[in-house]
Amino acid sequence: MVKFTKSFKPKQENGKERRKWSSWWLIGASAAVVLAVIAAGAVSPMAASKIGFLVSSNYKSCQCSSAQDTGKYKGMIEDCCCDYESVDSVNGEVLHPLLQELVTTPFFRYFKVKLWCDCPFWPDDGMCRLRDCSVCECPENEFPETFKKPFHRGLPADDLVCQEGKPQAAVDRTLDSRAFRGWIETDNPWTNDDETDNGELTYVNLLLNPERYTGYAGSSARRIWDAVYSENCPKYASGEICQEKKVLYKLISGLHSSISIHIAADYLLDESTNKWGQNLELMYDRVLRYPDRVRNLYFTFLFVLRAMTKAADYLEQAEYDTGNNTEDLKTQSLVRQLLYNPKLQAACPLPFDEAKLWQGQSGPELKQQIQKQFRNISALMDCVSCEKCRLWGKLQVLGLGTALKILFSVDGQNQPSESPQLQRNEVIALVNLLNRLSESVKYVSEQGPSIEKIMSKQISDSSEPKHGSTWKRAGESLFQLW
């Protein structure tokens, strides 16, 4: 296993300085060409934005700032190529508003999921306390007609079934350089569910089934996370410098933090009066008091964002067809604004550098091991007793599995694949996951400091623990999943 050193140092030797300035000179020259083309009116603003995106994304190595951390969440995000301040800024100004609008469109609001499954690891013995735990399924006439059409399976060009064994009789299927070839029926090697099995799948309107507190708690919920962390995603040892061994734990920890934030942000404070609101104690106890959980949240956000930008050509060309032409054009426009936004490209051109992973002789073997562990985590979602929790668990795990598929897929020559084929449901899960993470990052950035001050004051003002119902329920909720 090749060990990776940090990608930036406070001081560099003269030769390295010259190479760095040479690299920046090339970037500056490229930028000047782009600006000149724009000034000449030769390309549209969107095309110019795409050119800028290609310039930045082709510059492979992370250009990390040499600034050291000057605060709790300042400076560079560990194992990423962006700093906290830039991420907070571009998320608040660009990503969050676009994603919030995108997930309400007809294409992205309907998710296909297998809600009722047998747990492959233990008998289902959990109970859900609230009606809010159940999922409202879509009637046949609600979700788009285009979603009911069978996927295109496609016959590979080298298939000789129809050619009587004669390769010269095969038709050349090459069309153009388009990345998107239509929605296909394909399984995700990173997840457990068979996405091609439509028999037991149902469509769910995500807007009618928000991720929030459900009352799912106790030993059943605790057993899920115990199985995730202890058996499939152990925390890496202190001082571990092999980045591959960190990735899976940090992704799951970041996802866990995001889920906890959404529970605390939309919490049933008083069941007798059906009063919902923010549970600051739970937010602090579950996430904010642990800096590593916040850092892992940012890491997961940038990891998924990188998958989106890497699949930009595919996602731009994809058909977001629901039968509503006005809404479909709006969806396509929002996707392009998200993928090629100049502010995003300037602030964080390469959110995560996946090219550094799986190097050395043991790289492929380690990748297979982590893929197997993630598939087990995916299978554990069938053991979640709460229906709504299972819905959001499956969606977000599929979204994360799709990001892994995009970043770590290989072609027939075992080389990184530039445009892996995606199923419609995978793209829906990916975008909704990015929106969930974006919401969590925004919440932590804007409200985290004030919540920490409030909780610190309450803790210092009281020498004895509170015994009120809210504190008691917050303590119980430490073991809930959603």
Side-chain angles (χ1 to χ4, degrees), residues 44-54 56-58 90-91 94-112 144 146-147 151-152 175-186 188 190 195 206 301-322 327-345 348-352 354 395-396 398-409 416-438:
S44 65
M46 179 62 74
S49 179
K50 289 174 63 176
I51 293 173
F53 172 80
L54 293 173
S56 61
S57 62
N58 286 334
V90 76
N91 183 50
V94 177
L95 298 176
H96 184 260
L98 286 173
L99 287 164
Q100 289 282 287
E101 190 172 3
L102 193 57
V103 297
T104 64
T105 61
F107 185 89
F108 285 105
R109 79 170 68 138
Y110 296 103
F111 179 65
K112 187 174 64 173
T146 54
F147 282 29
F151 286 111
H152 172 67
L175 298 176
D176 51 34
S177 59
R178 286 171 57 87
F180 181 78
R181 304 286 185 180
W183 296 118
I184 62 171
E185 192 170 71
T186 179
N188 190 323
W190 289 85
E195 295 294 327
L206 298 173
F301 176 54
L302 290 180
F303 186 93
V304 177
L305 180 61
R306 168 56 184 154
M308 286 282 295
T309 60
K310 183 174 182 179
D313 286 345
Y314 186 93
L315 296 174
E316 181 202 5
Q317 298 169 16
E319 298 167 355
Y320 301 101
D321 181 19
T322 65
E327 287 289 340
D328 296 343
L329 289 174
K330 173 186 173 183
T331 302
Q332 189 114 35
S333 174
L334 289 170
V335 169
R336 287 173 177 169
Q337 291 177 56
L338 180 68
L339 296 173
Y340 301 114
N341 190 279
K343 290 185 178 179
L344 172 61
Q345 295 162 19
C348 199
L350 188 65
F352 175 81
E354 71 280 1
L395 181 144
Q396 293 180 94
L398 176 60
L400 204 51
T402 303
L404 289 162
K405 176 181 175 179
I406 291 171
L407 295 182
F408 302 135
S409 288
S417 175
E418 291 302 319
S419 56
Q421 298 298 298
L422 301 177
Q423 192 175 157
R424 179 170 55 206
N425 217 38
E426 292 177 323
V427 175
I428 293 171
L430 181 68
V431 170
N432 274 278
L433 170 61
L434 186 61
N435 178 59
R436 297 277 87 192
L437 295 167
S438 171

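Here the closest non-hydrogen pair linking Phe107 and Arg424 is CZ-CG, 3.4 Å. Contact record, Pro106 with Glu327: CD-OE1, 3.4 Å, taken as the closest heavy-atom pair. Nearest approach of Leu395 to Leu206, heavy atoms of both residues: CD1-CD1, 3.5 Å. Contact between Leu407 and Ala307 at its shortest, heavy atoms only, is CD2-CA, 3.8 Å. Taking all atoms of both residues into account, the shortest heavy-atom contact from Leu102 to Thr331 is CD1-O, 3.9 Å. Smallest separation of non-hydrogen atoms from Leu339 and Ala312: CD1-O, 3.6 Å.
Between Asn341 atom CG and Thr309 atom OG1 the span is 12.5 Å, to the nearest 0.5 Å. Between the CD1 atom of Ile428 and the NZ atom of Lys112 there is a distance of 8.5 Å, given to the nearest 0.5 Å. Considering CG of Asn91 and CZ of Phe301, their distance stands at 4.0 Å, rounded to 0.5 Å. The CG atom of Leu98 sits 10.5 Å away from atom CG of Leu434, with the distance rounded to the nearest 0.5 Å. Put simply, CD on Gln332 and CD on Gln317 are 9.5 Å apart, with the number rounded to the nearest 0.5 Å. Between Glu354 atom CD and Ile406 atom CD1 the span is 10.5 Å, to the nearest 0.5 Å.
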Kindly indicate, with the supporting measurements, whether the criterion side chain to side chain contact (heavy atoms under 4.5 Å, CB included) is fulfilled by Leu437 and Leu433. CA-CA 6 Å; Leu437 295 167; Leu433 170 61; 4.0 Å; yes
For Leu404 and Phe303, what are the C-alpha separation, side-chain angles and deciding distance, and is it a side chain to side chain contact (heavy atoms under 4.5 Å, CB included)? CA-CA 9 Å; Leu404 289 162; Phe303 186 93; 3.6 Å; yes
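Side chains of Leu305 and Phe352 form no contact here, defined as non-hydrogen atoms less than 4.5 Å apart. Phe108 places a side-chain heavy atom less than 4.5 Å from the side chain of Val335. Residues Met308 and Leu315 form a side-chain contact, since some pair of their non-hydrogen atoms from C-beta on lies under 4.5 Å apart. Looking at heavy atoms from C-beta onward, Phe111 lies out of side-chain contact with Asn432 at the 4.5 angstrom threshold. You'll find the side chain of Gln100 reaches within 4.5 Å of the side chain of Asn435, heavy atoms only.
Side-chain N/O atoms of Ser333 and Gln337 include a donor and acceptor closer than 3.5 Å.
Asp321 contributes no side-chain N or O that, together with a main-chain N or O of Asp328, makes up a donor-acceptor pair within less than 3.5 Å. Checking side-chain atoms of Thr402 against main-chain N and O of Leu398 turns up a donor-acceptor pair under 3.5 Å. With Tyr320 contributing its side chain and Thr105 its backbone, the two residues share no donor-acceptor pair below 3.5 Å.
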